[in-house]
Amino acid sequence: MSYSAPVARAPLIEAEAWIDKEFRPLGSEMLPVARACGRVLAGPVAAREDMPPVDWAAVDGIALAAAETEGAGAYNPLPFPARFVRPGAALPADCDAVLPLERAGIGPSGTCEVIEPLVRGSCVWSKGSHYRRGLRLADDGRRIAAADLALLAGAGITEVPVRRRPRVQLIVLPYGGPDGLSPMLGALVARDGGDPIILAAPDRRPEIVSSLFDDGADLVLVAGGSGRGSDDLAAQGFSERCALRLHGLALSPGESAGLGRTLAGRPFFLLPGVPAEALWAYEMLVGRAVRKLAGLPTGLALPRRRMRAERKIVSRIGMAEIVPVDRTGEDSVAPRARFAERGLGALGWGVVLFSAGSEGCPVGGLLDVRVTAPEIDTEEEKTGDE
């Protein structure tokens, strides 16, 4: 039986609505804090005790009882035993202040001469001053950052509940030339909180179909063979053993993308084999689904900048379009060659997403630009006197 992909293109919002309805965050697992960076919390984490649990020294210095230093002065130095403490050390029971080492005069006999009175609690982290037992340290759904590890481990928390990372089975069909899609798509899946499982590329329809029933995957992603040609094996194979929900989108680039579920209920996506089309079909569709499974926000994982159009940008009515732009000034951009003309070479500094109802943007109009080029803030903050 011959297969012909539908000519009608579904609106992008229809595909987004299907993803939002069909995908839910995966279950949870316990993970040691040291291995939790980048993972998504599956529940709130609260402090199990006051922190500090007792009064702690906040600086390197000498532990003292503040009341005993009353009357100390430059002409009336008071000697005390030098009881050294380091930051985070518990204060001796009879002490309630710390004299910083740079202000302490240590005599030859090992005594400390105090020449100014101390205030109770000076240079001390008092019990519970960081946080109290039961205080929420991190919320459900937070993607754990490196700084969170110090907070959680410092609070004595050894493991945390995290969302299971979605396993994404990735199959790239031969397109011609070196395979550039596998590393690109694998990196995008990892960025969005998933574990890519890259399989050897099958070149026959039965192998494609059988690969859909790997019980270990949460989502199947096939790149290549998704168009309307007679040799587009992915579209043929999926149509025979799966329920194609959508095939053909009003999205440029990425018109031949598709999605649905296998008869066993596993979700799948078809991506074009052309790199630029595969990239943006992933960003607009698959990334949304992977992030949903991982418990992350579903919005695009690209920073947004508010810019002005230096030149007019035209967009087709009825198509959601992704237009590459170059930065031309501090707050201005201009369109560059479209992806259809230059492929991934047209990536530029960023892209502008136009909805199906947009005709583009006039000169000087405001745009929400999604930055695709990695940026580092090179403007150093100046401190101190010039």
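For the single chain, residues carry numbers from 1 onward in sequence order. Source: prediction; values computed, not measured.
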Between the side chains of [Y] and [X], is the shortest nitrogen-to-carboxylate-oxygen separation below 4.0 Å, so that they form an ion pair?
X     : Y      : result
Glu22 : Arg261 : yes
Asp55 : Lys127 : no
Arg86 : Asp60  : yes

Examine [X] and [Y] and state if one hydrophobic cluster contains both, with Ile, Leu, Val, Met, Phe, Trp and Tyr joined whenever side-chain heavy atoms are less than 4.5 Å apart.
X      : Y      : result
Leu300 : Leu293 : yes
Val172 : Leu219 : yes
Phe84  : Val98  : no
Leu12  : Val290 : yes
Leu101 : Val59  : no

Where [X] and [Y] come nearest, the two heavy atoms and their spacing:
X      : Y      : value
Arg336 : Asp326 : NE-OD2, 2.9 Å
Pro92  : Arg83  : CB-NH1, 3.9 Å
Met51  : Ala155 : CE-CA, 4.0 Å
Val286 : Leu271 : CG2-CD2, 3.8 Å
Trp280 : Leu251 : O-CD2, 4.5 Å
Gly357 : Ile317 : O-CD1, 3.5 Å

Does any non-hydrogen side-chain atom of [Y] lie less than 4.5 Å from one of [X]?
X      : Y      : value
Val371 : Trp349 : yes
Phe80  : Leu99  : no
Thr158 : Val33  : no
Pro161 : Glu29  : no
Ile157 : Val45  : yes
Leu367 : Ile313 : yes
Leu270 : Leu259 : no
Asp368 : Leu353 : no

Report the C-alpha separation of Arg288 and Asp20 in whole Å, then their side-chain angles, then the decisive distance to 0.1 Å, and conclude whether the salt bridge (Lys or Arg N to Asp or Glu O under 4.0 Å) test is met.
-> CA-CA 8 Å; Arg288 189 183 190 94; Asp20 292 343; 3.0 Å; yes

Val323 vs Val351, side chain to side chain contact (heavy atoms under 4.5 Å, CB included): CA-CA, chis, key distance, verdict | CA-CA 5 Å; Val323 178; Val351 296; over 6 Å; no

Who passes side-chain contact (heavy atoms from CB on, under 4.5 Å) against Arg308, sequence neighbours left out?
->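 With sequence neighbours excluded, Arg308 shows a side-chain contact (heavy atoms from CB on, under 4.5 Å) to Leu366, given in chain and number order.
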
Under 6.0 Å from the [atom1] atom of [X], do we count more than 12 heavy atoms belonging to anything else shown?
X      : atom1 : value
Arg120 : CZ    : no
Ile13  : CD1   : no
Glu359 : CD    : no
Glu102 : CD    : yes

For the side chain of [X] and the backbone of [Y], is there at least one donor-acceptor N/O pair under 3.5 Å apart?
X      : Y      : result
Arg165 : Gly194 : yes
Arg136 : Ala138 : no
Arg39  : Val162 : no
Arg305 : Arg370 : no
Arg132 : Ser129 : no
Tyr131 : Leu137 : no
Asp218 : Arg167 : yes
Ser332 : Gly329 : yes
Lys292 : Phe23  : yes
Glu321 : Arg316 : yes

Listed once per pair and sorted, the salt bridge (charged side-chain N to carboxylate O under 4.0 Å, His left out) pairs that draw on residues 146-162, sequence neighbours left out |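 Those involving residues 146-162 are Arg142-Asp148.
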
Of all residues at least two apart in sequence or in a different chain, which pass the ring pair (Phe, Tyr, Trp, His ring centres under 6.0 Å) check with Trp125?
->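 Trp125: ring pair (Phe, Tyr, Trp, His ring centres under 6.0 Å) contacts with His130.
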
Arg163 and Arg143: CA distance, side-chain angles, deciding distance, side chain to side chain contact (heavy atoms under 4.5 Å, CB included) verdict | CA-CA 10 Å; Arg163 292 290 173 194; Arg143 194 167 196 175; over 6 Å; no

Intermediate values then yes/no, side chain to side chain contact (heavy atoms under 4.5 Å, CB included), Leu188 and Leu279 | CA-CA 9 Å; Leu188 290 171; Leu279 169 64; 3.8 Å; yes

Nearest-0.5 Å distance that lies between atom CD1 in Ile19 and atom CD in Glu14 =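 Answer for the CD1-CD pair, Ile19 versus Glu14, is 11.5 Å.
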
From Leu64 CG over to Cys112 SG, what is the distance, rounded to the nearest 0.5 angstrom?
->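 Between Leu64 CG and Cys112 SG, I get 6.0 Å after rounding to 0.5 Å.
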
Any luck finding a side-chain donor-acceptor pair between Ser28 and Arg164 under 3.5 Å?
->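 The criterion, which ignores hydrogens and geometry beyond distance, is not satisfied for Arg164 and Ser28.
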
Evaluation steps, salt bridge (Lys or Arg N to Asp or Glu O under 4.0 Å), between Glu283 and Arg191 | CA-CA 11 Å; Glu283 292 284 24; Arg191 178 202 68 185; 2.8 Å; yes

Can Met319 and Glu255 be said to form a side chain to side chain contact (heavy atoms under 4.5 Å, CB included), step by step?
-> CA-CA 9 Å; Met319 290 286 290; Glu255 296 177 49; 3.8 Å; yes

Where do Asp50 and Arg133 land on the salt bridge (Lys or Arg N to Asp or Glu O under 4.0 Å) test, with the steps shown first?
-> CA-CA 5 Å; Asp50 292 346; Arg133 178 181 179 181; over 6 Å; no

Verdict with supporting geometry, Asp192 and Arg291, salt bridge (Lys or Arg N to Asp or Glu O under 4.0 Å) | CA-CA 5 Å; Asp192 292 330; Arg291 291 189 291 272; 3.0 Å; yes

